[in-house]
Protein chains: 2
Amino acid sequence: MLDPIARLRRFNRAVTREVGVLDTSFLGRGRPLGAARVLQLVQAEGTDVALIRDRLALDSGLMSRFLRSLEREGLITTATDPADRRRRIARLTPRGQEEMAAYDSIGRDRAARLIARARSRAGEVVAAMDLIATLLNRDQLAIRPADPDSPEALACLQAYFDELVARVPAAQAGMFSLPDPQSDSYRPPKGRFLIAWSDDLPVGCVSLRPLDGTVAEVKRLWVHDSARGQGLARRLMTAIEDEAKAMGVGLLKLDTNSALTEALALYRATGWTATAPYTGTPADTWLEKAL
Amino acid sequence: MLDPIARLRRFNRAVTREVGVLDTSFLGRGRPLGAARVLQLVQAEGTDVALIRDRLALDSGLMSRFLRSLEREGLITTATDPADRRRRIARLTPRGQEEMAAYDSIGRDRAARLIARARSRAGEVVAAMDLIATLLNRDQLAIRPADPDSPEALACLQAYFDELVARVPAAQAGMFSLPDPQSDSYRPPKGRFLIAWSDDLPVGCVSLRPLDGTVAEVKRLWVHDSARGQGLARRLMTAIEDEAKAMGVGLLKLDTNSALTEALALYRATGWTATAPYTGTPADTWLEKAL
DNA sequence: CAAGAGACCTGACTATAGTCAACCAATATG
DNA sequence: CATATTGGTTGACTATAGTCAGGTCTCTTG
């Protein structure tokens with residue numbers, strides 16, 4: 001019972017039972033699990049039905065039935081997507097939002113109990129869950145443009161800065177600041193901010209801002225710890241280079257620090273070459289790439 | 001989407017889907033999931049039915065039905081437990097063993113695929129699964145006597161030695177050896193070897209061997225990384241002290257090293273006091289406790 | 001040794017998940 | 001512009017999980 005297979009099986013058993021317990025506690029709200037799972041993915045602002053179906057890996061007939069039953073309960077409304085009138089968008093009603101809040105509090109209780117059990121190791125447990133969930137969700141990983149002021153973008157940046165401080169000797173905590181909400185440097189049409197999503201957790205980002213003329217700068221390439229070692233940084237760089245190309249940028253630059261060895265190796269491997277310094281500390285390496 | 005609750009929920013989603021995929025791949029063997037789950041817990045040597053029911057958290061009626069259906073298929077046989085004739089013991093038939101091997105290979109495939117995805121981080125992923133499974137199984141944790149030569153006991157000892165080498169400066173890799181299979185020091189009636197089980201993973205051990213007269217020595221207190229921080233070491237010590245008491249031991253001794261700070265803190269907190277040195281390197285601290 | 005409790009079995013039942021095929025409407029494609 | 005594809009809906013169906021009560025042994029306990 002010491003090989004990885006047996007341990008994976010043990011993990012499956014534990015988690016299957018846990019999911020069962022979760023089911024029955026959710027069932028306390030008088031709604032079958034399938035419908036409850038769907039409900040929890042419907043957002044107040046409206047969520048694409050296909051997206052939910054995809055995430056839960058549901059049959060389209062079954063999905064449709066869940067939606068009807070939630071509609072009958074008055075928790076959601078569905079409407080056709082104006083952009084593509086085959087698609088449907090589900091939206092929470094006020095009653096649905098109340099119901100969601102109730103589920104949220106059940107989930108909060110369970111999470112709190114689990115975290116309490118983990119005691120001093122709560123952080124480790126959350127990291128372990130992130131790692132496994134990211135691994136299992138790998139096929140669903142999606143890179144999408146985001147607003148540089150969205151909470152998720154700011155969280156990515158904060159994580160990025162924290163890592164710089166931890167890894168780059170020359171970097172100090174006060175050295176970095178979140179972007180000015182007024183600034184449009186990282187926003188189309190001048191710039192870009194891309195986030196990589198694993199389900200609803202942002203696990204990576206990269207951004208682009210204009211320098212002058214057709215020269216732009218790639219900044220803030222970051223990958224969440226749970227998603228490292230799977231080529232995400234490369235995918236992010238490819239994505240941002242494609243964006244730059246589409247915007248008509250002719251030359252990309254970036255600055256980095258030699259302590260960030262994996263990043264540096266990636267740049268070298270993808271055609272970036274040395275260029276003249278154009279920024280100061282904590283950068284100590286400057287690269288460019290013609291598109 | 002950055003708080004622990006949302007992340008727990010994401011984890012649940014990912015894992016529920018994964019379990020679903022596992023289900024359907026197991027269903028390929030033409031047997032409903034419930035029965036397959038039961039079958040996988042039946043061992044060739046025979047397993048207590050109540051134990052299986054407990055691990056899977058099944059209703060007794062449902063469990064009974066699964067057993068009947070597996071019996072009809074000729075995969076298992078059940079017999080009453082001679083020790084308590086209310087209980088039943090399920091045993092794999094040769095055909096059942098073949099079937100198990102088939103499940104094993106499905107599991108092996110899936111595990112291999114998952115590990116392959118994790119690439120360089122396979123070890124981390126397994127550790128993460130252990131941590132979560134141990135946490136979820138916490139209520140089922142059981143301390144049971146074991147044979148000191150069983151593979152599980154040897155694995156515990158190896159892990160224990162590895163940790164000593166890693167943490168105690170004075171300890172060298174060649175310094176420790178697995179117990180002589182002939183020796184009866186750690187076996188009743190003279191000694192004891194206890195293992196703490198989380199499902200079928202050994203997550204801790206402790207042992208007792210006679211010194212002279214009514215003096216005995218506690219040795220090899222070890223807790224798996226995934227089970228630390230939850231008071232298991234204390235439970236193991238209590239268990240071994242109870243065993244010693246029941247055996248008529250009047251005084252316990254142990255040796256340890258001051259680098260093992262948590263262990264030392266535990267001993268101090270549970271009534272152990274300094275005693276004269278009675279062993280050599282790598283020990284540097286000697287304690288005793290009257291029972 | 002009687003009473004109660006525990007482990008298991010069986011029958012009867014319900015609820016839920018999931019499948020499949022036929023169908024409609026909108027969009028993409030050669 | 002005909003045709004294929006996609007997203008979704010509905011009805012009919014099956015399989016499975018799970019619940020509950022009543023029953024039979026067997027063991028434990030006062």
Side-chain angles (χ1 to χ4, degrees), chain A residues 13 16-17 19-39 41-42 46-73 76-91, chain B residues 13 16-17 19-39 41-42 46-73 76-91:
Chain A
R13 270 198 298 276
T16 306
R17 197 177 40 212
V19 169
V21 172
L22 196 72
D23 291 9
T24 57
S25 68
F26 277 175
L27 284 167
R29 297 212 57 83
R31 190 166 299 110
L33 177 73
R37 289 212 292 155
V38 169
L39 180 61
L41 286 180
V42 177
T47 311
D48 199 6
V49 164
L51 202 90
I52 299 174
R53 216 184 48 212
D54 206 49
R55 284 206 191 164
L56 298 178
L58 289 175
D59 173 87
S60 101
L62 193 52
M63 177 72 193
S64 184
R65 241 177 290 280
F66 287 148
L67 289 176
R68 286 305 83 68
S69 108
L70 290 171
E71 260 180 341
R72 261 199 311 279
E73 280 195 86
I76 64 168
T77 56
T78 59
T80 58
D81 180 347
D84 176 346
R85 279 161 40 221
R86 288 170 305 183
R87 292 172 169 274
R88 309 217 78 191
I89 290 183
R91 213 176 300 272
Chain B
R13 271 198 297 275
T16 306
R17 196 178 39 214
V19 168
V21 171
L22 196 72
D23 290 8
T24 57
S25 68
F26 277 175
L27 284 167
R29 297 212 56 84
R31 190 167 298 111
L33 178 72
R37 289 211 294 155
V38 169
L39 180 61
L41 286 180
V42 177
T47 311
D48 200 6
V49 164
L51 200 90
I52 299 174
R53 216 184 47 212
D54 206 49
R55 283 206 193 162
L56 298 179
L58 289 175
D59 171 87
S60 106
L62 192 51
M63 178 72 193
S64 184
R65 242 177 288 279
F66 287 150
L67 288 176
R68 285 307 81 69
S69 107
L70 291 171
E71 261 180 339
R72 262 199 310 280
E73 281 195 86
I76 64 168
T77 56
T78 59
T80 58
D81 181 348
D84 177 345
R85 282 167 30 226
R86 289 170 303 183
R87 292 170 169 276
R88 310 217 78 193
I89 290 184
R91 212 177 299 277

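Per chain, numbering begins at 1; letters A, B, ... match sequence-line order.
The only member of A:Leu70, A:Thr47, A:Val49, A:Leu33 that meets side chain to side chain contact (heavy atoms under 4.5 Å, CB included) when paired with A:Val38 is A:Leu70.
Toward the 5' end of DNA chain C, the nearer of the two residues A:Leu62 and A:Pro82, judged by each one's closest nucleotide, is A:Leu62. Of the two residues near DNA chain C, A:Arg31 and A:Ala83, the one whose nearest nucleotide lies more 5' is A:Arg31.
Nucleotide C:dC9 holds its P atom 13 Å from the CD1 atom of B:Ile89, rounded to whole Å. Rounded to whole Å, atom C1' of D:dT9 lies 11 Å from atom CZ of A:Arg53. Between the CZ atom of B:Arg88 and the C1' atom of C:dC9 there is a distance of 9 Å, given to the nearest Å. Rounding to whole angstrom units, CG of residue B:Leu33 and C1' of D:dG18 are separated by 14 Å. C:dG6 atom C1' lies 16 Å from atom CG of B:Leu51, rounded to whole Å. One atom, CG of B:Asp81, and another, C1' of C:dC8, lie 13 Å apart when rounded to the nearest Å. Regarding B:Arg86, its CZ atom lies at a distance of 11 Å from the P atom of D:dT26, rounded to whole Å. For the pair A:Asp59 CG and D:dG7 P, the interatomic distance rounds to 14 Å; values are reported in whole Å.
Taking side-chain N and O atoms only, B:Arg85 has no distance below 4.0 Å to OP1 or OP2 of C:dA7.
The two residues B:Glu71 and B:Ile76 have their closest heavy-atom pair at CG-O, 3.5 Å.
Picking from D:dC27, D:dT9, D:dG7 the nucleotide with the shortest atom distance to the side chain of A:Arg87 gives D:dG7. Closest contact between the side chain of B:Asp84 and the listed nucleotides D:dT10, D:dT26, C:dC9 involves D:dT26.
The base of D:dG11 sits with one of its N or O atoms less than 3.5 Å from a complementary donor or acceptor on the side chain of A:Arg65.
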